[in-house]
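Here's the structure we're looking at; comments come further down.
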Amino acid sequence: MSMEQNIAKLIVFISAVWVVIDAKKIGVSKGQLKGFWGMGPWGWFFITLLLWPIGFPFYLIKRPELKRINSK
């Protein structure tokens, strides 16, 4: 495996770990959003880990909404 592939895998893993930690910190729980994106912290972790190009950007897009929901 090349150095670039290892770096890419490390970035994906670190961002998935950050997502689960951040989601727990802001109080995300399953069912807060409607549809597929209404998952808990571990759901966000796995979607980020396995489908990073889709999961990570969507977490960043949905994060303000999740944060708003949990700040009430």
- Correct closest heavy-atom pair for Gly27 and Gln32 would be O-NE2, 3.6 Å

- Task: For Phe58, enumerate each residue passing the ring-ring contact (aromatic ring centres under 6.0 Å, His included) test, keeping only those at least two apart in sequence or located in another chain.
- Result: Trp37

- Name all pairs fulfilling the side-chain hydrogen bond (donor to acceptor under 3.5 Å, both in side chains) condition that reach into residues 2-14, sequence neighbours left out, sorted by first residue then second. Ser2-Glu4

- Query: Applying side-chain hydrogen bond (donor to acceptor under 3.5 Å, both in side chains), which residue pairs with at least one partner in residues 41-61 are found, sequence neighbours left out?
  - Reply: Ser15-Trp52, Asp22-Tyr59

- Using the rule that two of Ile, Leu, Val, Met, Phe, Trp, Tyr join whenever any of their side-chain heavy atoms come within less than 4.5 Å, decide whether Ile54 and Ile11 are in one cluster. no

- Task: Determine whether Val20 and Phe36 fall in the same hydrophobic cluster, where Ile, Leu, Val, Met, Phe, Trp and Tyr are linked whenever their side-chain heavy atoms lie under 4.5 Å apart.
- Result: yes

- Taking a hydrophobic cluster as the set of Ile, Leu, Val, Met, Phe, Trp and Tyr residues connected by side-chain heavy atoms closer than 4.5 Å, whether directly or through intermediates, do Leu49 and Ile61 fall within one such cluster? no

- Candidate pair Trp18 and Phe13, rule side chain to side chain contact (heavy atoms under 4.5 Å, CB included), full reasoning: CA-CA 9 Å; Trp18 175 80; Phe13 181 74; over 6 Å; no

- At what distance, to the nearest 0.5 angstrom, does CE of Met1 lie from CD1 of Ile7? 12.5 Å

- Heavy-atom pair of closest approach, residues Ile26 and Asn70: O-CB, 3.0 Å

